[in-house]
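Reviewing the structure listed below.
Labels below follow one simple rule: chain letters A, B, ... track the order of the sequence lines, proteins then strands, and each chain is numbered from 1. These numbers come from a predicted model, not from an experiment. In what follows, every heavy atom counts, from backbone to side chain, and hydrogens, waters and symmetry copies are set aside.
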Amino acid sequence: MSLVLATWNVNSLRARIGRVVEWIEYAEPDVLCLQETKMNDSAFPEGVFNDLGYSSVHHGDGGWNGVAILSKVGLEDAEKGMGDRVDEMGCRVVSADCGGIRVVCVYVPNGREVGSKFYHDKLDWLASLRSYIARRYRPTDALVVCGDFNIAPDERDVWDEKAFEGATHVSDSERAALNDLLAWGLSDCLRAHYSQADLFSWWDYRGGAFHKHQGMRIDLILATMPVLSRCSFSLMDRNARKGDKPSDHIPVMAWIGDE
DNA sequence: ATGGTTGCGAAGCAA
């Protein structure tokens, strides 16, 4: 089965539902992973997505996190969280089988300040994610791990390296944690098709950052080789950052062809 | 210029 997979940090699904429905209607993803829904499971607008043809699973407790997977190619064996042994620090992981691909939707902690408790919690969380993935799956599985990683993988992924000196999202330890996950057997779908700098998925709301091209690429679709080898194209939809009440993130998409 | 914007929720905090 071929499918189009997307991931989008919507920064409150309640505030963004109109933009999300609009985007689904023109982009027509087969699978859409959402982060920062910021709502309880009971508030998740399952019916709205059903009407658009999507099954869904949501994992949220009303805090600042909340993740979901929508699928119109089937959604089976959903799992919320990373298993009993791992504290998620909120609702940050949800997984499901969608059209023959295991999809893991993640919202990695922000980290706030380098050296802070929250920064160390972020590194611990990333180690937990890696061990969860390695425990549950094999690199030969058809697996996608996608979402808001809150890490810019390398220097091409920030608008100005000097502006990020000493900041989170770019530190050696965060990048090492991401590289540990990649080294297990995952690849960045966008980088399989584009190598240039200044391709961003997030821009600060403040100071006209979007119009000044001052962003970061922190939203990623990572895939094992069985999926990567089928990935014919990937892009990020800048249109979603324009207009009324946009999220500060944009959707990242990957086209997965037939086996 | 330690600023600026958004969401949540009703004051600051988180991002």
Side-chain angles (χ1 to χ4, degrees), chain A residues 7-23 32-45 48 58-68 87-94 105-126 129 146-153 157-171 173-175 177-178 200-220 236-252:
Chain A
T7 181
W8 192 7
N9 179 325
V10 294
N11 184 19
S12 170
L13 184 56
R14 190 174 286 101
R16 214 68 59 209
I17 186 64
R19 293 294 303 252
V20 172
V21 169
E22 171 196 49
W23 190 80
L32 175 57
C33 295
L34 302 176
Q35 300 86 37
E36 275 199 83
T37 62
K38 299 187 179 180
M39 56 173 53
N40 279 302
D41 289 345
S42 59
F44 183 73
V48 172
H58 179 260
H59 180 36
D61 60 8
W64 273 280
N65 311 313
V67 287
D87 177 7
E88 270 183 285
M89 296 165 49
C91 300
R92 297 178 175 275
V93 181
V94 66
C105 170
V106 305
Y107 175 45
V108 177
N110 175 286
R112 302 192 193 178
E113 303 281 340
V114 171
S116 70
K117 173 189 184 297
F118 301 95
Y119 176 77
H120 292 292
D121 288 347
K122 177 182 190 177
L123 297 176
D124 290 345
W125 193 96
L126 287 160
L129 176 66
C146 66
D148 178 358
F149 284 80
N150 271 316
I151 299 170
D157 300 313
V158 296
W159 64 275
D160 181 4
E161 271 196 285
K162 289 190 287 295
F164 287 88
E165 279 180 21
T168 55
H169 297 63
V170 301
S171 71
S173 295
E174 289 164 278
R175 285 174 169 168
L178 177 61
F200 302 137
S201 68
W202 173 90
W203 298 262
D204 201 305
Y205 282 124
R206 297 168 290 186
F210 178 65
H211 298 285
K212 290 190 274 190
H213 308 291
Q214 298 178 347
M216 286 194 279
R217 191 175 71 94
I218 54 179
D219 299 273
L220 310 174
M236 302 188 285
D237 181 13
R238 285 175 51 88
N239 187 57
R241 189 62 173 78
K242 303 173 184 175
D244 293 331
K245 292 178 73 66
S247 172
D248 44 356
H249 297 251
I250 61 173
V252 183

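Closest-nucleotide positions on DNA chain B for Ser12(A) and His249(A) were compared, and the one nearer the 5' end corresponds to Ser12(A). Remark on DNA chain B: of its neighbouring residues Phe118(A) and Lys38(A), the 5'-side contact belongs to Lys38(A), judged by nearest-heavy-atom nucleotide.
Taking atom P in both dC13(B) and dG9(B), the straight-line distance is 16 Å, to the nearest Å. Taking atom C1' in both dA11(B) and dA1(B), the straight-line distance is 25 Å, to the nearest Å. Remark: the separation of the P atoms in dG4(B) and dC8(B) is 22 Å, to the nearest Å.
You'll find the ring centres of Trp8(A) and Trp23(A) inside the 6.0 Å limit.
Rounded to whole angstrom, the span from the OH atom of Tyr119(A) across to the P atom of dA14(B) amounts to 19 Å. A straight line from CZ of Arg206(A) to C1' of dA15(B) spans 8 Å, rounded to a whole angstrom. Atom pair Trp64(A):CH2 and dG12(B):P shows a separation of 14 Å (rounding to whole Å applied). In this structure, the CG atom of Asp244(A) is 16 Å from the C1' atom of dG7(B), given to the nearest Å. Computed from coordinates, the His169(A) NE2 to dA15(B) C1' distance equals 8 Å when rounded to whole Å. Rounded to a whole Å, the CE atom of Met39(A) is 12 Å from the C1' atom of dC8(B). Protein atom NZ of Lys245(A) is 11 Å distant from nucleotide atom C1' of dC8(B), rounded to whole Å. Rounded to a whole Å, the CG atom of Asp248(A) is 14 Å from the P atom of dT5(B).
For the pair Arg112(A) and Phe118(A), the cation-pi test (distance below 6.0 Å, angle within 45°) is passed.
OP1 or OP2 of dA14(B) sits under 4.0 Å from a side-chain N or O of Arg112(A).
The aromatic rings of Phe164(A) and Trp159(A) sit perpendicular to each other, their planes meeting at more than 60°, with 30° as the lower class boundary.
A donor-acceptor pair shorter than 3.5 Å can be found between the side chains of Glu88(A) and His59(A).
Atom CG of Asp248(A) sits about 10.5 Å away from atom CH2 of Trp203(A), to the nearest 0.5 Å.
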